[in-house]
Amino acid sequence: VNNIVEKCIFAVENNDIVQEIINNKNAVLESEKEILWKYRGFNCKGIIDRNAIESSIGGNTFSIVDIKTTEKPLHKYKWDFIYNKTYRQLAFYELGLLQLTDNYPSEHYVIVVTTGEYPTCKPFLVGREYINKGFEDIEKLLDRIEFHLSNGWDNSMETLNREIETLTPY
């Protein structure tokens, strides 16, 4: 196991683009940043792998960096990102930082490191449309939790509301 970890670290340390992102010289960097906040009456918690705060004339901005590992080839990560809805996690972190600071969101990244025999890594810039989709999903999930807190957890919200559930690909 140690050998794999060392190889992953080597892959990250030797990728110039990844190094520019995680060691942004123009920013105050925070690693493993724990954030706690209240949202819609819920106690929320997140641990951000890397947060970069940059100062500018218009106000401070923040960029979130999340690190993921995978055994799959890097070119397949885009599908994992969609399937696992990783954009929800980034949106959740952004929501917390917006609640806790006066800073504005900037670019967010996912850095993916393969864990195979020859680890490699690649940064992915997460588009604002994914963050916005994450916000929408978070609101729907919190609505669902509120519903079940009032109506119990034995049946789905759709069953309790006597609705026909629609299956969609996304």
Q19 side, atom CD; K25 side, atom NZ - distance, nearest 0.5 Å: 8.5 Å

Rounded distance [0.5 Å steps], CD1 in I21 versus CG in D16: 11.0 Å

So D102 and N60, do their side chains get closer than 4.5 Å, heavy atoms only? no

From CA spacing to verdict: side chain to side chain contact (heavy atoms under 4.5 Å, CB included), R128, H108: CA-CA 9 Å; R128 177 57 37 193; H108 302 324; 4.0 Å; yes

For atom CZ of F42, is the number of surrounding heavy atoms from other residues, nucleotides or ligands below 6.0 Å larger than 12? yes

Are the side chain of E30 and the backbone N or O of A52 linked by a donor-acceptor pair below 3.5 Å? no

Answer yes when R144 and E158 have at least one side-chain N-carboxylate O distance shorter than 4.0 Å, and no when they do not. yes

Taking S106 for its side chain and S63 for its backbone only, find out whether a donor-acceptor pair lies under 3.5 Å. no

Please check if atom CD in E71 has more than 12 non-hydrogen atoms from other residues, nucleotides or ligands closer than 6.0 Å. no

State yes or no: do I35 and I67 share one hydrophobic cluster built from I, L, V, M, F, W and Y residues joined by side-chain heavy-atom distances below 4.5 Å, directly or via other members? no

Heavy-atom neighbours of W153 CH2 exceed 12 at 6.0 Å: yes

According to a hydrophobic-cluster definition based on side-chain heavy atoms being under 4.5 Å apart (Ile, Leu, Val, Met, Phe, Trp, Tyr only), do L141 and L160 belong together? no

Output for pair (I131 CD1, Q89 CD), nearest 0.5 Å, gives 10.0 Å

Could you tell me which non-hydrogen atom of I4 sits nearest to which non-hydrogen atom of G116, and how far apart they are? CD1-O, 4.0 Å

Yes or no on side chain to side chain contact (heavy atoms under 4.5 Å, CB included) for M157 and E163, after CA distance, side-chain angles and deciding distance? CA-CA 8 Å; M157 191 164 83; E163 298 171 359; 6.0 Å; no

Would a hydrophobic clustering, with Ile, Leu, Val, Met, Phe, Trp and Tyr connected at side-chain separations under 4.5 Å, put Y109 with F62? no

Partners passing side-chain hydrogen bond (donor to acceptor under 3.5 Å, both in side chains) against D80 (at least two apart in sequence or in another chain): K72

To the nearest 0.5 Å, how far apart are OG1 in T114 and NZ in K122? 12.0 Å

Less than 4.5 Å apart, side chain to side chain, heavy atoms only: is that true for T86 and Y130? no

What distance separates N151 CG from N161 CG, expressed to the nearest 0.5 Å? 7.5 Å

Under 4.5 Å between any side-chain heavy atoms of D143 and F147, yes or no? no

Group every Ile, Leu, Val, Met, Phe, Trp and Tyr by side-chain heavy-atom contacts under 4.5 Å, then state whether F135 and I48 land in the same group. yes

Y87 and L90: CA distance, side-chain angles, deciding distance, side chain to side chain contact (heavy atoms under 4.5 Å, CB included) verdict: CA-CA 5 Å; Y87 52 86; L90 294 169; 5.6 Å; no

Does any non-hydrogen side-chain atom of K133 lie less than 4.5 Å from one of K85? no

Output yes when a side-chain donor or acceptor of K45 lies under 3.5 Å from a complementary backbone atom of E34, and no otherwise. no

Does some side-chain heavy atom of F92 sit less than 4.5 Å from a side-chain heavy atom of C44? yes

For K38 versus Q99, what's the shortest heavy-atom pair and its separation? O-OE1, 3.7 Å

Would one find more than 12 heavy atoms of other residues, nucleotides or ligands at under 6.0 Å from atom CG of L74? yes

For the CZ atom of R40 and the CD1 atom of I138, what is their distance to the nearest 0.5 Å? 10.5 Å

Just do the side chain to side chain contact (heavy atoms under 4.5 Å, CB included) check on K68 and I111 with the steps written out, would you? CA-CA 6 Å; K68 300 290 185 200; I111 295 174; over 6 Å; no

Would you mind telling me which of N24, D66, N23 makes a side-chain hydrogen bond (donor to acceptor under 3.5 Å, both in side chains) with R50? N23

The single option from N51, I53, N103 that satisfies side-chain contact (heavy atoms from CB on, under 4.5 Å) with L97 is N51

Is it true that Y77 and F124 have ring centroids separated by less than 6.0 Å? yes

Same cluster or not: are V28 and I47 linked, directly or through other Ile, Leu, Val, Met, Phe, Trp or Tyr residues, by side-chain heavy atoms under 4.5 angstrom apart? no

Taking side chain as C-beta onward, heavy atoms only, is D49 less than 4.5 Å from I22? no

Flag yes if more than 12 heavy atoms outside Y39 fall under 6.0 Å of its OH atom; otherwise flag no. yes

